[in-house]
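Input: a single structure, listed below in structure tokens.
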Amino acid sequence: MAGRKRRPSKSNRRGMYSIAAIVMVMLVGLLVQSQSLRAENTDYEAQKAELEQQITDEEVRAEEISDLSGYLASDEYVEKLAREKLGLVYEDDVIYRVAE
């Protein structure tokens, strides 16, 4: 009896085939899900790059606004505004008027 091999029963084989089929279905499901996740990851990477570009643009814009606010507080801007909008001049400035 020690030399005889036992053959697995039919119900045991069916169980093994069933388990193998379930494992294959799960693997296929995992592969499909991983492809879906890769596509989402690609979309998120593109969105991340776009948002980083927007951050860079906004930082440049903030710097320009900071420079402009410094200019608006300067005496040069106040003088320019007084000359253009209000028509004010210094006492020693020469004013030319065009005859109509």
Side-chain angles (χ1 to χ4, degrees):
M1 284 240 171
R4 264 177 76 188
K5 292 186 177 179
R6 288 180 70 192
R7 291 183 74 193
S9 65
K10 288 185 180 186
S11 65
N12 197 12
R13 268 192 243 154
R14 277 190 204 152
M16 291 179 72
Y17 289 140
S18 298
I19 290 173
I22 290 171
V23 168
M24 293 302 286
V25 168
M26 291 177 78
L27 283 175
V28 169
L30 285 173
L31 288 174
V32 169
Q33 186 67 20
S34 70
Q35 291 298 326
S36 172
L37 289 174
R38 282 191 185 125
E40 282 185 39
N41 190 30
T42 303
D43 293 342
Y44 288 141
E45 289 294 328
Q47 185 179 7
K48 179 183 173 185
E50 181 180 330
L51 290 173
E52 287 175 349
Q53 180 61 39
Q54 287 179 359
I55 288 172
T56 304
D57 294 344
E58 290 300 320
E59 286 174 349
V60 169
R61 184 171 173 247
E63 187 176 325
E64 290 173 355
I65 289 172
S66 176
D67 292 344
L68 181 62
S69 69
Y71 173 69
L72 293 177
S74 69
D75 291 338
E76 179 184 348
Y77 174 74
V78 172
E79 181 180 333
K80 178 181 175 186
L81 188 64
R83 286 179 180 270
E84 290 178 359
K85 301 286 182 177
L86 302 175
L88 299 176
V89 293
Y90 286 113
E91 291 178 9
D92 58 344
D93 282 349
V94 178
I95 301 172
Y96 295 100
R97 294 188 186 219
V98 179
E100 294 180 23

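Every value quoted in this text rests on a predicted model; they were computed, and no experiment measured them.
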Review point. Could you walk me through whether R83 and E79 pass the salt bridge (charged side-chain N to carboxylate O under 4.0 Å, His left out) check?
Key: CA-CA 6 Å; R83 286 179 180 270; E79 181 180 333; 3.5 Å; yes
Practice item. Starting from the C-alpha separation in whole Å, work towards a yes-or-no answer on side-chain hydrogen bond (donor to acceptor under 3.5 Å, both in side chains) for D57 and Q53. Key: CA-CA 6 Å; D57 294 344; Q53 180 61 39; 3.0 Å; yes
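In this structure, Y71 and Y77 approach most closely via the heavy-atom pair O-CB, 3.2 Å.
The local environment of CD in E63 is sparse, with at most 12 non-hydrogen atoms from other residues, nucleotides or ligands closer than 6.0 Å.
Expressed to the nearest 0.5 Å, how far CZ of R38 lies from CD of E45 amounts to 14.0 Å. Summarising the geometry, atom CD belonging to E40 is positioned 6.0 Å from atom CG belonging to L37; distances are rounded to the nearest 0.5 Å. Here I22 contributes atom CD1 and L27 contributes atom CG; the two are 12.0 Å apart, rounded to the nearest 0.5 Å. Distance check, rounded to the nearest 0.5 Å: CG of N41 to NZ of K48 gives 9.5 Å.
The side-chain heavy atoms of L68 and E64, taken from C-beta on, include no pair separated by under 4.5 Å.
A donor-acceptor pair under 3.5 Å is absent between the side-chain atoms of S36 and the main chain of V32, judged by distance alone. The backbone N or O of R14 sits less than 3.5 Å from a side-chain atom of S18, completing a donor-acceptor pair.
Residues L81 and L72 share a single hydrophobic cluster, defined by chaining ILVMFWY side chains whose heavy atoms lie under 4.5 Å apart.
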